[in-house]
2 protein chains.
Amino acid sequence: MERNRPAAPTPLADVTLIGRHTQQRAVVVKAFIRAEGFVGAQALHNRLAADGSPVGLSTVYRTLTALADAGRADMVRDTSGERLFRYRPGPDHRHYLLCTECGLSRPVDSGPVEDWADTIARTSGFANVRHTVELSEVCPDCGRQRATAEHR
Amino acid sequence: MERNRPAAPTPLADVTLIGRHTQQRAVVVKAFIRAEGFVGAQALHNRLAADGSPVGLSTVYRTLTALADAGRADMVRDTSGERLFRYRPGPDHRHYLLCTECGLSRPVDSGPVEDWADTIARTSGFANVRHTVELSEVCPDCGRQRATAEHR
DNA sequence: CGCTAGATGGGAATGATTTTCAGATCAATG
DNA sequence: CATTGATCTGAAAATCATTCCCATCTAGCG
């Protein structure tokens, strides 16, 4: 693994996008990418500790917000107010369906909302419109389980 | 002030929607409605104190979340994570443009997003899709002021 | 190799929200 | 009108995610 290709799917390339390259950052980014879905800073921190790569909580926070600022991560808020981050491989701005039971996330076609947001931005007189869209629900799997549970 | 009218456009009707009718609740709801826009629980609490109607912060929180649960208020989150509430006179679900500088809010036509959300709900296999949309920016007034400031 | 701006970590600080619980209030009833 | 049990209130303490502080490290340039 990890041949020395030029600069292609190397996830660590992201580390260099956010300041100095340090071991901790590399570890955090790697784990973050491996997570494949929305993760909270604390959850990621725990995961790292469990994997035997203790990294300070502050560092996890710093790294995640830096990635978000650099546009390499999406950020949403839990119903409880907790921040969840998701690694974004490409440059596209996306929206996701997020299961409130198991955390499973799935990207959805957001073309229509983007268009709508653009229209609002153009017609409102407001400057610099940014949007956040959150769709939350229960995914097919959890829905099935829940239905079963309710039958007992 | 406070004649004894029957029970017409009395905003206090809302108070009865959320449990027992008490003076504190009446005061909070009245101030909340008067606010006409998004307010934080703490801000409302301060405003009440300034108006000489001291009500416990806990009570303000309880009242606002109760209204939100009853569908009489919309709730969004500040960039800082703080919860902001807005009184909702009718039964309609709405979305707003929220100025990040002065807090001014303005409802926007959300038909397209609603349709989009419905489509997603129908095609995703996910059950019970709910959506949150936040548009934030700088309103015309603040934008003008900011431009001026930058010129000095 | 030596230097220094930038990075780390862990413990304390912050700040919004929630909980606790004793005492005050409501509203239905006798 | 008085009683009474359920509900509500509020001050203070508890929570909890996130940020700040700062003494200590370490990339990475010269």
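Proteins get letters first, then strands, A, B, ... in listed order; numbering begins at 1 in each. Small disclaimer: the values here were computed from a predicted structure and weren't measured.
Distance check, rounded to the nearest 0.5 Å: CZ of A:Arg62 to CG of A:Asp69 gives 14.0 Å. Interatomic distance, CD1 of A:Ile33 versus CZ of A:Arg72, reported as 8.0 Å (0.5 Å rounding). Summarising the geometry, atom OG1 belonging to A:Thr63 is positioned 10.5 Å from atom CZ belonging to A:Phe32; distances are rounded to the nearest 0.5 Å.
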Could you tabulate the donor-acceptor pairs under 3.5 Å formed by side-chain atoms of residues 47-58 of chain A, not counting sequence neighbours?
none

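For DNA chain C, the span of nucleotides reached by chain A at under 4.0 Å from its heavy atoms goes, 5' to 3', from C:dA5 to C:dG11.
A:Arg25 contributes no side-chain N or O that, together with a main-chain N or O of A:Thr59, makes up a donor-acceptor pair within less than 3.5 Å. Without hydrogens or angle criteria, B:Arg88 side chain to B:Gly71 main chain gives a donor-acceptor distance under 3.5 Å.
Counting only heavy atoms from C-beta outward, the side chains of B:Val29 and B:Leu67 approach each other to under 4.5 Å.
B:Phe85 approaches B:Leu64 most closely through the heavy-atom pair CD1-CD1, 3.7 Å. Nearest heavy-atom pair, A:Arg83 versus B:Thr79, reported as atom, atom and distance to 0.1 Å: NH2-O, 4.2 Å.
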Could you list the protein-to-nucleotides 9-15 of chain D atom pairs, N/O on both sides, closer than 3.5 Å?
residue: D:dT9; atom: OP1; partner: B:Thr22; partner atom: OG1; Å: 2.7
residue: D:dT9; atom: OP2; partner: B:Arg25; partner atom: NH2; Å: 3.3
residue: D:dT9; atom: O3'; partner: B:Gln24; partner atom: NE2; Å: 3.0
residue: D:dG10; atom: OP2; partner: B:Gly56; partner atom: N; Å: 3.0
residue: D:dG10; atom: OP2; partner: B:Thr59; partner atom: OG1; Å: 2.6
residue: D:dG10; atom: N7; partner: B:Arg62; partner atom: NH2; Å: 2.7
residue: D:dA11; atom: N6; partner: B:Ser58; partner atom: OG; Å: 3.2

Anything under 3.5 Å between a protein N or O and an N or O of nucleotides 2-5 of chain D, put it in a table, one pair a line.
none

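Rounding to whole angstrom units, CG of residue A:Leu84 and C1' of D:dT18 are separated by 14 Å. In this structure, A:Tyr61 places its OH atom 7 Å from P of D:dA17, rounding to the nearest Å. One atom, CD of A:Gln42, and another, C1' of D:dA17, lie 5 Å apart when rounded to the nearest Å. The separation between B:Glu82 atom CD and D:dT18 atom P is 15 Å, rounded to whole Å.
With sequence neighbours left out, the side-chain hydrogen bond (donor to acceptor under 3.5 Å, both in side chains) criterion links B:Gln42 to B:Tyr61.
Summary of helix geometry: the two end axes of the helix from C:dC1-D:dG30 to C:dG30-D:dC1, each defined by five base pairs via their C1' atoms, are inclined to each other by 20° (rounded to 10°).
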